[in-house]
Amino acid sequence: MIDTLIQAYTPLLVWVGLGLLLVRWLPDRLPRWLGRSLYWFGVPWQIFDLARHSQLSGNIGLVPGITLATLMTGLLLAWGTLKLLERRSSFPHSSESHSADPPPLNPPLLPFRPALTEPLSLEATQEVDATAILTTPPILAQTVDPNVDPTGDPQADQAAIPAPGLTPTVSWSRWVNLPTYQRYQYGSFIIAGMLGNTGFVGLGILPAIINPEDYSWAVFFSLTQNLIGTYGIGVLVASHFGRMESQHSPWTLLWDLLTVPTLWAFALGYASREFSLPVPLELFTSSSLLFVIPASFLLMGMRLGMMTGWQSFQNAVLPVGLKLIVLPAIVGLGTTLLGLRGDVRLALVLMSGMPSAFASLILAEEYDMDRDLSASSIAISTIGLLLMIPVWLWIF
């Protein structure tokens, strides 16, 4: 198992580490240029080759249904988490609605008026020195409150008297400080928790883990997710949450789908399966994995090196947890109930638990979503993958 993990981690660590080292000397626009190149050329190149040469046979027809169920489960988990956070932020005991300190117990002090024990005559009032009144400390009336602790402990008094209008209860938000998200962050959150990097990381790692005869399951999972998930549901989510409200028209969403280059590459690759290409062109299409996967790993390293601050990393913990832990566990349980075993089940579990898709960062650039949240999700989930692969190998 150790040898398998070393073979699987080597290309990831080498290229990501190289990107981390080189980013400080490279132009600032190079990562964006490389990412755009992968979106418009690298990914379609890879999908075209996979559509032409992948052998889809046997019970492989189950993969589209499993992949679609995985995508919808990830979408519902992410959306449900966001709605729960919305309810928690509007709850009157949350840390955002009220401060941790209780409201003051005593009412605000009224303007000073000297306390009089008995009426003064006109002659007595004329003999009062004005300076004495100004320098005399105010005499405040003391009232007896039955709720005040007789020991005089102010903390006990605060604990005994509830805040006006609120019922005395324990606020769990004091111990669990969960982040809150704005609308422009919703799209990045959902995509990070739903889509995995099956094309770059998944197909780059799984050949060293599963049997070659079961590799087609992983390939078909990646194809289905890229077509239906990344460049179907993902584009719709990004277009809806990333654009302005005035741009949320059905025609805009339809145009975004029709202009995705990967969909056209898959259609051309699948339609040309029966035709043989010239030898140089065939060699060129078959070499996509030799260039696209290292370039994607290199870009990940560059993005990791460009990250600053910790707030975006804190916001990425929740979607990464859904992507790396909850979703693969559900897929493992579901495939077990379907009767799948061995490397077939392992391939589907690992593909569903791949790091957040790098396409989420590209979609964030295209549709003006939260770029920091997308990049942080990719960074944390890429590192977390190194910890989760041994867990899924041990379980499945």
Side-chain angles (χ1 to χ4, degrees), residues 8-9 11-16 19 31 34-39 42-47 50 67 70-71 74-75 78 188-210 215 218-235 237-238 262 288-289 291-304 307 316 319-325 327-328 331 347-365 371 373-389 392:
Y9 293 166
L12 176 63
L13 296 177
V14 169
W15 290 105
V16 170
L34 182 57
R36 301 288 293 171
S37 300
L38 288 171
Y39 177 80
V43 176
W45 179 17
Q46 183 187 24
I47 295 299
L50 292 175
T67 307
T70 302
L71 293 172
L75 176 63
S188 297
F189 186 102
I190 293 174
I191 293 175
M194 176 183 64
L195 299 177
N197 203 329
T198 58
F200 297 148
V201 180
L203 297 182
I205 289 180
L206 259 66
I209 299 178
I210 64 175
Y215 184 67
V219 172
F220 205 11
F221 189 102
S222 178
L223 283 173
T224 307
Q225 184 193 260
N226 277 281
L227 296 176
I228 300 178
T230 305
Y231 302 107
I233 302 175
V235 170
V237 171
T262 302
S288 62
L289 297 179
F291 296 96
V292 176
I293 291 178
S296 66
F297 289 166
L298 187 66
L299 182 57
M300 287 183 188
M302 294 180 184
R303 288 300 182 185
L304 287 174
M307 292 299 302
V320 168
L322 296 176
K323 187 68 187 68
L324 292 184
I325 302 175
L327 191 58
V331 171
L348 296 176
V349 170
L350 291 178
M351 292 299 276
S352 64
M354 284 295 111
S356 299
F358 185 79
S360 63
L361 185 57
I362 298 177
L363 293 175
E365 295 285 355
R371 300 168 180 84
L373 178 57
S374 299
S376 301
S377 300
I378 296 172
I380 296 177
S381 59
T382 301
I383 298 174
L385 175 67
L386 305 180
L387 303 176
M388 292 308 300
I389 285 183
W392 302 131

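Treat the numbers as computed from the prediction; the structure is a model and nothing was measured. Here, residue 1 is the first one in the sequence, and each next residue gets the next number.
- Between the K323 side chain and the P328 main chain, no donor and acceptor come within less than 3.5 Å of each other.
- The minimum heavy-atom distance between T262 and L227, with the atom names listed, is O-CD2, 4.3 Å.
- The two atoms that bring I191 and A238 nearest to each other are CD1-CB, 4.1 Å, heavy atoms only.
- S222 contributes no side-chain N or O that, together with a main-chain N or O of V219, makes up a donor-acceptor pair within less than 3.5 Å.
- Taking CD of Q225 as the reference point, atom CD1 of I233 lies at 9.5 Å (rounded to 0.5 Å).
- Here the CG-OG1 distance, from L363 to T230, works out to 7.5 Å after rounding to the nearest 0.5 Å.
- Atom CG in L206 sits 10.5 Å away from atom CZ in F221 (nearest 0.5 Å).
- Minimum heavy-atom separation, L327 to S352: CD2-O, 4.0 Å.
- Summarising the geometry, atom CE belonging to M351 is positioned 4.5 Å from atom OG1 belonging to T198; distances are rounded to the nearest 0.5 Å.
- For CH2 of W392, the number of neighbouring non-hydrogen atoms (other residues, nucleotides, ligands) closer than 6.0 Å is greater than 12.
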Between L195 and L71, is a side chain to side chain contact (heavy atoms under 4.5 Å, CB included) present by the stated rule, with each step listed? CA-CA 7 Å; L195 299 177; L71 293 172; 3.7 Å; yes

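- Contact check for Q46 versus N226: no side-chain heavy atoms found under the 4.5 Å cut-off.
- Counting all heavy atoms, side chain and backbone alike, V320 lies closest to S377 at CG2-O, 3.6 Å.
- Here the CG-CZ distance, from N197 to F297, works out to 7.5 Å after rounding to the nearest 0.5 Å.
- The main-chain N or O of I378 is found under 3.5 Å from a side-chain atom of T382 such that the two form a donor-acceptor pair.
- Side chains of P31 and L299 form a contact here, defined as non-hydrogen atoms less than 4.5 Å apart.
- Atom CH2 of W45 sits about 10.5 Å away from atom CG of L38, to the nearest 0.5 Å.
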Check the pair I205, I389 against side chain to side chain contact (heavy atoms under 4.5 Å, CB included), reporting the backbone distance first and the verdict last. CA-CA 10 Å; I205 289 180; I389 285 183; 4.2 Å; yes

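- Results of the side chain to side chain contact (heavy atoms under 4.5 Å, CB included) test with P355 over I380, L385, I383 single out L385 as the only residue that passes.
- Remark: the backbone N or O of L203 is paired with a side-chain donor or acceptor of Y215 at under 3.5 angstrom.
- Of all heavy-atom pairs spanning F189 and A78, the tightest one is CE2-O, 3.6 Å.
- Side-chain atoms of L348 and T70, non-hydrogen and from C-beta on, never get closer than 4.5 Å to each other.
- The two atoms that bring S356 and A192 nearest to each other are OG-O, 2.9 Å, heavy atoms only.
- Side-chain atoms of I228 and T67, non-hydrogen and from C-beta on, never get closer than 4.5 Å to each other.
- Within the 4.5 Å cutoff, the side chain of L75 has heavy atoms near those of the I190 side chain.
- Proximity of L386 to L13: side-chain heavy atoms (C-beta onward) are separated by under 4.5 Å at one or more points.
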